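Dumping the structure here so I can ask a few things about it.
Just the heavy atoms: all of them, side chains too, but no hydrogens, waters or symmetry mates, feed the values below. Treat the numbers as computed from the prediction; the structure is a model and nothing was measured.
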Amino acid sequence: MLTTAFVDGAPNWLDIGAPDIDGARSFYGGLFGWRFRSAGADAGGYGFFQLDGRTVAGGMQTEPGQGPPSWTLYFRSEDARATAKAARQAHGRVLFGPVDVMGQGHMAVLADQAGATFGIWQPGETSGVDVVNAPGALCWAELHTPDIAAAAAFYHRVLGLETSGVPFPGGTYTCVNPGGAGEDAMFGGMVPLARPEDEPYWLPYFEVEDADAVVAEARRLGGTLVVRPATIERVGRMATLADPYGARFAVIKSAGVRE
């Protein structure tokens with residue numbers, strides 16, 4: 001499971017780029033109770049979404065030409081430059097960085113062999129988000145990709161990630177954990193794209209108290225329903241949404257959590 005005792009290869013940060021950060025603040029504040037705190041005058045408008053003073057994500061306003069609105073998931077790296085080099089050698093791309101972020105850490109944004117965007121974060125003063133798994137916080141991550149075997153090979157080479165198959169209704173689900181951490185450290189999975197023509201992407205899941213209520217609230221706030229709520233035995237009830245700008249995310253009321 002996700003934990004804030006971050007190890008190499010584990011998700012340790014996520015942020016959203018939106019064309020209207022004030023609108024994003026309103027949407028996610030209404031949906032999850034997040035409050036937005038600026039990172040300061042030198043941060044270019046970047047800031048932190050927080051719950052009870054604890055950071056759950058970052059966010060910034062994007063300009064035309066910077067790509068579509070989206071969530072970016074970051075993975076811990078001991079050496080951002082080495083990881084970026086490994087991504088290039090594995091037929092991925094370096095889209096931005098690596099750069100120092102005001103002493104807080106080093107970051108880069110990469111694309112895997114199929115084009116799915118992700119980030120790496122080499123901790124400095126900031127190790128990562130302050131909370132996971134709680135309501136309103138990241139609890140799972142899922143790569144939607146055209147070729148699971150190729151993706152597994154890429155992330156193993158670049159981040160040391162390990163995969164394993166778990167029986168699932170209708171087939172087998174490919175789970176992911178940091179290298180050497182064991183299956184108890186699973187933080188996400190890999191699934192085939194719903195349509196071959198779709199672009200691959202990482203989908204963050206946020207824990208919620210009531211998935212159906214959150215879906216209804218998201219639609220009221222201007223979001224859209226992408227995949228309707230469904231219950232999977234021993235996993236939970238989940239749905240996929242898009243915010244008013246099109247950034248995709250999922251919500252889940254995990255089985256066995258706060259029953």
If you round to the nearest 0.5 Å, how far is CE of Met190 from CD1 of Ile148?
-> 8.0 Å

Ignoring hydrogens and angles, state whether a donor on the side chain of Asn177 or Glu162 is under 3.5 Å from an acceptor on the partner side chain.
-> yes

Which pairs, with at least one residue in residues 221-255 and sequence neighbours excluded, count as a ring-ring contact (aromatic ring centres under 6.0 Å, His included)?
-> Tyr28-Phe249

Provide the closest heavy-atom pair for Cys139 versus Leu2 in the form atom of the first, atom of the second, distance.
-> C-CD1, 3.3 Å

For Pro178 and Ala10, which heavy atoms make the closest approach, and how far apart are they?
-> CG-CB, 3.9 Å

Side chain proximity check, Leu110 to Leu95, heavy atoms < 4.5 angstrom | no

Any donor-acceptor pair under 3.5 Å linking the side chain of Gln104 with the backbone of Gly124?
-> no

Could you tell me whether Phe168 atom CZ has more than 12 heavy atoms of other residues or ligands within 6.0 Å of it?
-> yes

Taking the side chain as C-beta and beyond, is there a heavy-atom pair between Leu241 and Val251 under 4.5 Å?
-> yes

Would you say Thr3's side chain and Ala5's backbone share a donor-acceptor pair under 3.5 angstrom?
-> yes

Quick check: are there more than 12 heavy atoms from other residues, nucleotides or ligands sitting under 6.0 Å from CG of Asp22?
-> yes

Please check if the side chain of Asn12 supplies one atom and the backbone of Ser127 the other of a donor-acceptor pair under 3.5 Å.
-> yes

Could you tell me whether the side chain of Thr55 reaches within less than 4.5 Å of the side chain of Trp13, counting heavy atoms only?
-> yes

Interatomic spacing from CZ in Phe154 to CG in Leu159 - rounded to 0.5 Å = 7.5 Å

Mind checking who shares a hydrophobic cluster with Val226, ILVMFWY linked at side-chain heavy-atom distances under 4.5 Å?
-> Val227

Would you say the side chain of Pro146 lies within less than 4.5 Å of the side chain of Pro192, judging by non-hydrogen atoms?
-> no

Is Phe96 reachable from Leu73 through a run of I, L, V, M, F, W or Y residues, each pair having side-chain heavy atoms under 4.5 Å apart?
-> yes

Backbone N/O of Gly188 and side chain of Glu142: donor-acceptor pair under 3.5 Å | no

Taking the side chain as every heavy atom from C-beta outward, state whether Met186 and Cys175 have any pair of such atoms under 4.5 Å apart.
-> yes

Salt-bridge present (Arg237, Asp212; N to O < 4.0 Å) | yes

If you take all heavy atoms of Arg219 and Leu225, which pair is closest and at what distance?
-> NH1-CD2, 4.1 Å

Side chain proximity check, Tyr74 to Trp202, heavy atoms < 4.5 angstrom | no

For Val215 and Pro229, work out which heavy atoms get closest and say how close.
-> CG2-CG, 3.9 Å

Given Leu203 and Trp140, is the side-chain contact (heavy atoms from CB on, under 4.5 Å) satisfied, shown in steps?
-> CA-CA 9 Å; Leu203 181 72; Trp140 192 253; over 6 Å; no

Side chains of Gln122 and Ser77, donor plus acceptor under 3.5 Å | no

Could you tell me whether Asp52 atom CG has more than 12 heavy atoms of other residues or ligands within 6.0 Å of it?
-> no

How many angstroms lie between atom CD of Gln61 and atom CZ of Arg25, to the nearest 0.5 angstrom?
-> 10.5 Å

Tyr201 ring centre to Arg248 NZ or CZ under 6.0 Å, with the angle to the axis within 45°?
-> yes

For Leu143 and Ala151, the nearest pair of non-hydrogen atoms, with its separation, is CD2-CB, 3.8 Å

How far apart are the C-alpha atoms of Asp112 and Tyr155, what are their side-chain angles, what is the distance that settles it, and do they pass the side-chain contact (heavy atoms from CB on, under 4.5 Å) test?
-> CA-CA 8 Å; Asp112 68 19; Tyr155 287 98; 2.8 Å; yes

Smallest heavy-atom separation, Ala90 atom then Val158 atom, equals CB-CG2, 3.9 Å

Co-membership, hydrophobic cluster, residues Leu138 and Met1, 4.5 Å side-chain | no

Between Thr126 and Gly128, is there a donor-acceptor pair closer than 3.5 Å when you use the side chain of the first and the backbone of the second?
-> no

Atom pair OG1 (Thr83) and CD1 (Ile120), whose distance is rounded to the nearest 0.5 Å | 4.5 Å

Following the transitive rule for hydrophobic clusters with a side-chain heavy-atom cut-off under 4.5 Å over Ile, Leu, Val, Met, Phe, Trp and Tyr, establish whether Val7 and Leu161 coincide in one cluster.
-> no

With side chains defined as the heavy atoms from C-beta onward, is the minimum distance between Asn133 and Glu207 less than 4.5 Å?
-> no

Any link between Met102 and Phe48 through a network of hydrophobic side chains (Ile, Leu, Val, Met, Phe, Trp, Tyr) touching at under 4.5 Å?
-> no

Quick one: pull up CD1 in Ile21 and OG in Ser26 and give me the separation to the nearest 0.5 Å.
-> 11.5 Å

Measure the spacing between CD1 of Ile16 and CZ of Phe27 and express it to the nearest 0.5 Å.
-> 8.5 Å

Are the ring centres of Phe118 and Trp71 closer than 6.0 Å?
-> no

Establish, yes or no, whether a centroid distance under 6.0 Å links the rings of Phe32 and Phe206.
-> yes

For side-chain contact (heavy atoms from CB on, under 4.5 Å), just list the numbers for Thr145 and Leu193, CA-CA rounded to whole Å, side-chain angles, deciding distance to a tenth of an Å, and then say yes or no.
-> CA-CA 5 Å; Thr145 181; Leu193 283 171; 5.5 Å; no

Hey, quick one: are Val191 and Met238 part of the same hydrophobic cluster, counting side-chain heavy atoms closer than 4.5 Å, chains of contacts allowed?
-> yes

Are Asp130 and Val56 close enough, and set up right, to give a side-chain contact (heavy atoms from CB on, under 4.5 Å), and what steps lead you there?
-> CA-CA 6 Å; Asp130 294 328; Val56 294; over 6 Å; no

Report yes if the side chains of Asp243 and Leu221 come closer than 4.5 Å at any heavy-atom pair, otherwise no.
-> no

Between Trp34 and Phe49, does a ring-ring contact (aromatic ring centres under 6.0 Å, His included) hold up when you go through it step by step?
-> CA-CA 6 Å; Trp34 293 352; Phe49 289 106; 5.1 Å; yes

